[in-house]
Amino acid sequence: MRTDQFPPDIRPRVVPEVRGDYFYRCLGCESRFGIEKLLYTCPKCGSVLLIEDGEWDELKKTPGSKWREIFDYRRMLNIAGLSGIYRFHELIGSIIPVEDIIYLGEGHTPVVAAGDALCEWAGVHFRFKNDGQNPSASFKDRGMASAFSYLNYLIKRRGVKDVLAICASTGDTSASAALYASYLAGNVKSAVLLPQGKVTPQQLSQPLGSGARVIEIPGVFDDCMKVVEELSENYPVALMNSKNAWRILGQESYSYEIAQEFDYEVGHLAVVVPIGNAGNITAVMAGFLKLHDLGIINSLPAIIGVQSEHANPVFLYYVEPEASRRKFRPVQVRSSVAQAAMIGNPVSMPRVIKLVERYRGIAGEDSVRIVEVNEQEIMDSMLVANRHGHIACTQGGECLAGVRRAVAEKKLDPRRLAVLDATAHALKFAVFQEKYFSDTFEPEFEVVPRSELKNAPVSLSLPDGVPNPKNGSLDPEQFREFVKYASGAVAGILNIKPGGK
Ligand SMILES: *Cc1c(COP(=O)(O)O)cnc(C)c1O
Ligand SMILES: [Zn+2]
């Protein structure tokens with residue numbers, strides 16, 4: 001819709017203006033730093049940062065009902081920069097002019113209801129939000145759209161040039177960073193550090209295809225992360241991990257979309273996310289808190305974070321009920337099918353601790369729960385979901401395993417409606433399906449295939465006398481003979497008899 005067609009009171013606000021006074025805030029010492037320079041950690045105390053808007057309170061002059069109208073009308077705009085996460089421009093990086101926004105089709109991912117049979121299996125009604133339908137097939141594109149839009153703004157308006165964007169990755173961060181960097185080819189080059197043998201072939205193919213320098217490091221993600229941290233502190237590189245607070249800002253769009261999808265009534269929901277480096281759960285909580293602060297939503301949904309017992313530092317931290325006695329300890333990860341979340345020392349842990357405290361302060365102790373699941377549950381849940389019409393990856397399976405556990409352990413009221421983050425597309429993790437179907441999991445995964453969930457192709461072989469298309473083109477008579485034989489054989493395999501349609 002053209003802007004002149006919007007109602008007169010919406011028209012001036014439907015295309016947002018540049019506004020706000022953004023700064024980095026240190027979560028350790030509370031210092032503030034300007035955003036002209038890319039910062040990842042506090043120069044004073046080394047703690048992680050979040051981005052805040054010094055003019056946030058200005059936004060409160062607009063009532064929540066008005067914000068809801070603005071965002072809903074904005075759905076009808078046909079302006080590329082406002083078609084993705086920046087529909088919520090005022091909340092997500094409003095110092096960036098709309099023309100500078102990089103939009104590659106991210107955001108507004110479908111929310112797909114699970115059918116009755118699957119809900120019964122889970123013990124709760126739920127929907128998947130398919131973040132695997134983002135351009136690089138994972139939710140990471142939300143944060144990258146934000147980080148690279150800001151980078152583009154620095155290039156276009158602040159004379160920044162020759163950027164080397166760098167990240168460590170369990171697979172999806174590098175796919176996403178390389179994609180967005182390649183869109184800015186000419187001004188931005190990218191390099192990604194991957195743990196050798198710990199990303200899937202599909203994930204490896206993505207940054208290679210986007211033209212990134214791909215460097216495989218012996219070790220696990222936590223080791224790669226230490227190397228890029230060292231690089232970002234000593235070399236002129238732009239760090240694209242979620243340590244970069246612009247990533248968090250963009251990923252908040254996930255919560256904004258859920259709010260809009262449910263007409264801003266979210267108090268009855270339980271939003272379920274897998275936890276790896278903990279950037280996503282940070283952003284999800286921050287996003288809902290912001291909406292609540294502006295009166296755009298009136299109550300907060302419950303949040304459930306899920307970890308595998310092979311990579312569970314956040315779960316272990318919250319096992320202790322008494323806040324003052326909790327102590328964070330990194331863990332040594334073990335092989336996990338939820339490989340994208342296989343992280344023992346999450347960079348965003350200080351953010352999680354802060355935000356959980358704030359969230360619980362508003363919505364109650366039970367409003368944020370962390371549950372642990374095992375590898376078998378994760379694999380079985382992914383396969384069961386995908387047998388019921390979904391495209392969940394192993395981390396989406398982890399969410400489903402998590403809600404089942406949460407219901408069983410009475411950490412989730414089954415009258416709630418759960419929204420599960422299907423964080424990536426199933427195809428990225430096809431190797432784990434293959435290991436399951438062919439019973440070739442290495443023992444350390446601790447996954448034993450259940451026969452009823454296995455699947456394999458059946459090869460049809462033709463006896464010698466039957467014309468075979470493999471041996472060259474068939475004449476019409478031979479072809480009929482082949483079709484006749486093959487269809488009979490297929491009917492035999494499917495156990496169907498000739499008869500009415
Ligand atoms: C990155 C990733 C996660 C983990 O998210 P964090 O923000 O690191 O906690 C989960 N699932 C998929 C598919 C991912 O790519
Ligand atoms: Zn500090």
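Numbering starts at 1 and runs along the sequence shown. Side chains are part of it too, since the values below use all heavy atoms of this structure and drop only hydrogens, waters and symmetry mates. Remember, it's 1-based here, ligands and their atoms both numbered in the order they're listed.
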Would you say [X]'s side chain and [Y]'s backbone share a donor-acceptor pair under 3.5 angstrom?
X	Y	value
Ser336	Ala338	yes
Arg326	Pro321	yes
Asn374	Gln376	yes
Glu106	Gly84	no

Original post:
What orientation do Phe441 and Phe432 show, parallel under 30°, tilted 30 to 60°, or perpendicular over 60°?
Top reply: parallel

Subject >> Ring geometry between Phe71 and Phe88 (parallel below 30°, tilted from 30 to 60°, perpendicular above 60°) >> reply: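 Ring orientation of Phe88 relative to Phe71: perpendicular.
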
Subject >> Heavy-atom proximity to atom 9 (O) of ligand 1, best of Gly276, Ala424, Ala340, Gly171 >> reply: Gly276

**OP:** Nearest heavy atom to atom 8 (O) of ligand 1 wins, so pick from Asn277, Val347, Asp131.
**Re:** Asn277

Protein heavy-atom partner closest to [atom] - residue, atom, separation in Å:
atom	value
atom 5 (O) of ligand 1	Phe139 CZ, 3.4 Å
atom 11 (N) of ligand 1	Thr423 OG1, 2.8 Å
atom 1 (C) of ligand 1	Lys140 NZ, 1.4 Å
atom 7 (O) of ligand 1	Asn280 N, 2.7 Å

With atoms numbered from 1 as shown, which atoms in ligand 1 lie under 4.0 angstrom from a non-hydrogen atom of [X]?
X	result
Asp172	12 (C), 13 (C), 14 (C), 15 (O)
Gly279	6 (P), 7 (O), 9 (O)
Ile275	9 (O)

Subject >> Apex the Zn ion (ligand 2); atoms Cys29 SG and Cys26 SG; angle rounded to 10 degrees >> reply: 110°

Subject >> Angle in degrees, rounded to 10°, that SG of Cys45 and SG of Cys42 form at the Zn ion (ligand 2) >> reply: 110°

Subject >> Point-to-point distance, once rounded to the nearest 0.5 Å, from CG of Leu164 to CG of Leu231 >> reply: 9.0 Å

Original post:
So is Ala278 in contact with ligand 1, going by heavy-atom distances below 4.0 Å?
Top reply: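 Yes; Ala278 lies near enough to ligand 1 that a heavy-atom distance drops under 4.0 Å.
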
Original post:
Which heavy atom in Leu400 sits nearest to a heavy atom in Ser381, and how many Å separate them?
Top reply: CD2-O, 3.6 Å

